[in-house]
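As the structure is a prediction and not an experimental result, all values here were calculated from the model.
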Amino acid sequence: MSKTRILSLTLALIAGSITVSPLAAAEQALKRTDLVKGDVDAAGYEVVQVLVGFAPGQTAGSHHHPGVEIAHVTKGTLEYSLQGKAPVIVKTGQSLYIPSGVVHSVRNVGDGEATELATYIVRKGETLLVPVK
């Protein structure tokens with residue numbers, strides 16, 4: 001067998017053994033598309049709307065917002081864990097209200113990509129997402 005053929009077979013075997021673990025998928029950056037941002041009638045508040053994409057197994061770690069969030073799942077199945085409550089599964093077409101300041105995380109528990117349309121009514125000028133360790 002030629003050296004080139006041996007090298008090709010070795011590379012094919014190595015490539016075939018490489019997989020993306022669920023942990024690696026969970027650590028990928030979320031796909032975030034900012035859609036709308038503007039003032040609301042309540043003094044000192046604004047509305048922000050974002051489309052967030054999750055790869056299979058991907059997690060948005062524990063965080064909170066300086067206002068309320070309404071999460072609407074537009075594709076797939078997401079599990080929301082809100083502080084002090086049992087996890088909730090939200091599927092395509094379903095929505096969830098997350099009160100101001102409540103620590104939560106979100107995980108894609110489906111087989112494919114998942115997306116949520118997140119609408120926030122938050123205090124103007126504050127960081128939209130505050131990570132929690």
Side-chain angles (χ1 to χ4, degrees):
M1 198 180 294
S2 73
K3 288 182 182 181
T4 303
R5 177 124 171 101
I6 292 171
L7 180 60
S8 294
L9 288 172
T10 303
L11 290 173
L13 285 171
I14 292 170
S17 68
I18 297 172
T19 60
V20 176
S21 72
L23 181 58
E27 293 174 350
Q28 294 174 356
L30 296 170
K31 183 178 178 185
R32 177 188 159 116
T33 305
D34 294 328
L35 301 173
V36 174
K37 184 176 184 177
D39 293 342
V40 296
D41 291 342
Y45 281 81
E46 64 185 351
V47 64
V48 178
Q49 194 170 58
V50 178
L51 188 63
V52 183
F54 296 80
Q58 189 169 22
T59 299
S62 294
H63 64 280
H64 64 85
H65 308 284
V68 301
E69 175 183 359
I70 298 120
H72 178 78
V73 176
T74 58
K75 180 180 176 184
T77 305
L78 295 171
E79 179 184 71
Y80 293 81
S81 296
L82 279 67
Q83 186 175 29
K85 298 190 180 217
V88 176
I89 300 293
V90 183
K91 297 180 179 183
T92 302
Q94 298 178 324
S95 300
L96 178 69
Y97 175 83
I98 303 170
S100 180
V102 171
V103 174
H104 59 283
S105 63
V106 184
R107 183 169 58 103
N108 180 353
V109 294
D111 294 332
E113 278 188 37
T115 55
E116 74 167 8
L117 179 64
T119 304
Y120 308 95
I121 301 172
V122 293
R123 290 185 295 278
K124 197 172 181 176
E126 293 191 26
T127 301
L128 180 62
L129 187 143
V130 180
V132 175
K133 291 187 179 191

Quick one about S62 and S105 (side-chain donor to acceptor, distance below 3.5 Å, no hydrogens or angles considered), yes or no? no
Decide yes or no for H104 and H65: does some side-chain heavy atom of the first lie under 4.5 Å from some side-chain heavy atom of the second? yes
For P131 and H63 the tightest heavy-atom approach is CA-CB, 4.1 Å
Side-chain heavy-atom pair Y97, V68 within 4.5 angstrom cut-off: yes
Do L96 and V47 share a hydrophobic cluster, counting only Ile, Leu, Val, Met, Phe, Trp and Tyr and linking them when any side-chain heavy atoms are less than 4.5 Å apart? no
Is K124 salt-bridged to E46, going by a charged N under 4.0 Å from an acidic O? no
Which residues share a salt bridge (charged side-chain N to carboxylate O under 4.0 Å, His left out) with E113, sequence neighbours left out: none
Atom CG of D111: over 12 foreign heavy atoms under 6.0 Å: no
Rounded distance [0.5 Å steps], NE2 in H64 versus CD in E69: 13.0 Å
Taking side chain as C-beta onward, heavy atoms only, is T77 less than 4.5 Å from T92? no
Please report the shortest heavy-atom distance between S95 and H72, naming the atom on each side. OG-ND1, 2.7 Å
Under 6.0 Å from the CG atom of L117, do we count more than 12 heavy atoms belonging to anything else shown? yes
Under 3.5 Å, which donor-acceptor pairs link side chains of residues 80-90 to any protein atom two or more places apart or in another chain?
unit_1	atom_1	unit_2	atom_2	d
Y80	OH	E116	OE1	2.5

Enter the distance from K75:NZ to T115:OG1 here, rounded to the nearest 0.5 Å. 6.5 Å
Please answer whether the main-chain N or O of R123 pairs with a side-chain N or O of E126 as donor and acceptor at a distance below 3.5 Å. no
Transitive ILVMFWY side-chain link V52 to I70, under 4.5 Å: no
L35 side chain near L51 side chain, heavy-atom distance below 4.5 Å: yes
How long is the gap from CD on Q58 to CG on N108, to the nearest 0.5 Å? 8.0 Å
Atom of P66, atom of S100 and distance for their closest heavy-atom approach: C-OG, 3.9 Å
Determine whether V50 and Y120 make a side-chain contact, defined as any pair of heavy atoms from C-beta on separated by less than 4.5 Å. yes
Contact check, side chains of Q94 and V73, non-hydrogen atoms, under 4.5 Å: no
Group every Ile, Leu, Val, Met, Phe, Trp and Tyr by side-chain heavy-atom contacts under 4.5 Å, then state whether L129 and L30 land in the same group. no
Counting C-beta onward and ignoring hydrogens, is there a side-chain heavy-atom pair between L128 and V122 closer than 4.5 Å? yes
